Amino acid sequence: MAKLIGDIKNNTAVFISGKGTNLKNLINFSKKKYSPITIKLVISDKINAEGKKYAIINNIKFNFINFENNKNEEKLLDLLQKNKITLICLAGFMKILSKNFITKFRGKVINIHPSLLPKFKGLNTFKRAIKNKEKYTGSTVHYVSKKLDSGKIILQQKVKIYKYDNEKSLSKKVKRIEHILYPKAILKIYN
Ligand code: GRF
């Protein structure tokens, strides 16, 4: 990936579906002088995603894309190219991107997943970790490949699971570390 040269930052798009706490955190990170990214677009498959407010407050273009219609993917590719996007950060984005899309943006799409990959790909990761009596859970930032949650790992961090933990407490603890991990992973990519 391109390194940060002078003050030129990498044009980034963040894809969300829900709350957007990672989006909020990435926006704050992008404003730091040492950050290698600038967030140009927020894309969502949900017209009223809770995280939309962070795009609005920060004057970042928010685009709803209906992923049910295949033609819209071409429009999305166009939009990303027009905005010279060189990094796509998935942050709680619940749609699976097509193989064609991944090929066109190969090596430029990253995701944050709430488990210690390769364990617990897919949904309900905390429920499954508790059921499996795992000692640890955590979060992983990885490249997005054509196979779900299977791309090369960039960084991951563990969180201990205690007897009293439940899905809610784990989600809270993991979100807290995600807000440190995602920026760290981006810095790792560009350094
Ligand atoms: C995060 O926990 C991330 O690991 C998962 O979805 C959640 C998104 O949270 N992929 P938020 O919308 O950023 O608050």
Side-chain angles (χ1 to χ4, degrees), residues 12-31 35 37 39-58 60 62-65 67 87-98 101-102 105 108-132 134 136-161 165-189:
T12 300
V14 182
F15 286 27
I16 63 164
S17 298
K19 278 197 178 312
T21 66
N22 279 287
L23 166 65
K24 179 185 178 200
N25 182 60
L26 288 178
I27 294 173
N28 289 340
F29 167 65
S30 72
K31 290 179 182 164
S35 167
I37 62 165
I39 300 175
K40 290 277 179 198
L41 296 172
V42 174
I43 306 289
S44 181
D45 62 317
K46 297 268 186 310
I47 196 155
N48 281 320
E50 226 186 298
K52 179 178 178 176
K53 59 183 179 223
Y54 300 120
I56 295 169
I57 295 167
N58 289 284
I60 300 169
F62 176 90
N63 288 270
F64 159 68
I65 302 280
F67 282 82
L87 179 71
I88 296 173
C89 296
L90 307 185
F93 181 65
M94 299 306 284
K95 283 274 180 279
I96 294 176
L97 295 165
S98 75
F101 187 95
I102 304 290
F105 272 86
K108 291 180 182 155
V109 189
I110 62 176
N111 181 40
I112 189 155
H113 180 78
S115 82
L116 296 171
L117 290 174
K119 279 189 175 173
F120 306 114
K121 296 172 182 173
L123 298 174
N124 302 316
T125 58
F126 302 133
K127 195 177 182 175
R128 286 151 64 206
I130 293 169
K131 196 168 168 222
N132 227 31
E134 296 288 330
Y136 292 93
T137 180
S139 179
T140 305
V141 179
H142 64 95
Y143 286 101
V144 173
S145 66
K146 289 176 187 164
K147 245 175 114 192
L148 182 72
D149 299 329
S150 300
K152 189 172 172 237
I153 291 172
I154 302 164
L155 267 188
Q156 63 185 181
Q157 192 172 328
K158 280 199 243 178
V159 163
K160 185 144 176 54
I161 304 179
D165 270 318
N166 52 36
E167 279 182 73
K168 209 173 156 194
S169 67
L170 287 183
S171 156
K172 215 170 155 188
K173 280 196 270 188
V174 168
K175 279 260 174 97
R176 212 173 294 140
I177 63 152
E178 285 191 336
H179 296 164
I180 299 165
L181 194 68
Y182 218 166
K184 249 189 177 174
I186 292 171
L187 284 170
K188 187 176 172 194
I189 291 173

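Side-chain atoms are counted along with the backbone in the values below, which use heavy atoms only and exclude waters and symmetry mates. Since the model is a prediction, treat every value here as computed from it, not as a measurement. Indexing begins at 1, ligand by ligand and atom by atom, following the structure's order.
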Point to revise | NZ/K184: more than 12 non-hydrogen atoms of other groups inside 6.0 Å | key: no
Review point. Is the number of heavy atoms from other residues, nucleotides or ligands under 6.0 Å of K127 NZ greater than 12?
Key: no
Practice item. May I ask you to check whether over 12 heavy atoms, not counting those of I56, lie within 6.0 Å of atom CD1? Key: yes
Is there any protein N/O under 3.5 Å from an N/O of ligand 1, and what does the full list of such pairs look like?
from: ligand 1; atom 1: 2 (O); to: E178; atom 2: OE1; distance (Å): 2.9
from: ligand 1; atom 1: 2 (O); to: E178; atom 2: OE2; distance (Å): 3.4
from: ligand 1; atom 1: 4 (O); to: I112; atom 2: O; distance (Å): 3.3
from: ligand 1; atom 1: 4 (O); to: P114; atom 2: N; distance (Å): 3.4
from: ligand 1; atom 1: 4 (O); to: E178; atom 2: OE1; distance (Å): 3.4
from: ligand 1; atom 1: 4 (O); to: E178; atom 2: OE2; distance (Å): 2.5
from: ligand 1; atom 1: 9 (O); to: K175; atom 2: NZ; distance (Å): 3.4
from: ligand 1; atom 1: 10 (N); to: I112; atom 2: O; distance (Å): 2.9
from: ligand 1; atom 1: 12 (O); to: G20; atom 2: N; distance (Å): 2.8
from: ligand 1; atom 1: 13 (O); to: T21; atom 2: N; distance (Å): 3.3
from: ligand 1; atom 1: 13 (O); to: N22; atom 2: N; distance (Å): 2.8
from: ligand 1; atom 1: 13 (O); to: N22; atom 2: ND2; distance (Å): 2.9
from: ligand 1; atom 1: 14 (O); to: T21; atom 2: N; distance (Å): 3.0
from: ligand 1; atom 1: 14 (O); to: T21; atom 2: OG1; distance (Å): 2.6
from: ligand 1; atom 1: 14 (O); to: K175; atom 2: NZ; distance (Å): 2.9

Review point. Cation-pi between K158 and Y136: NZ/CZ under 6.0 Å from ring centre and within 45° of the ring axis?
Key: yes
**Study point:** Q157 side-chain N/O to E178 backbone N/O, donor-acceptor pair under 3.5 Å
**Key:** no
**Study point:** Mutual orientation of the aromatic rings belonging to F15 and F93 [parallel < 30°, tilted 30-60°, perpendicular > 60°]
**Key:** perpendicular
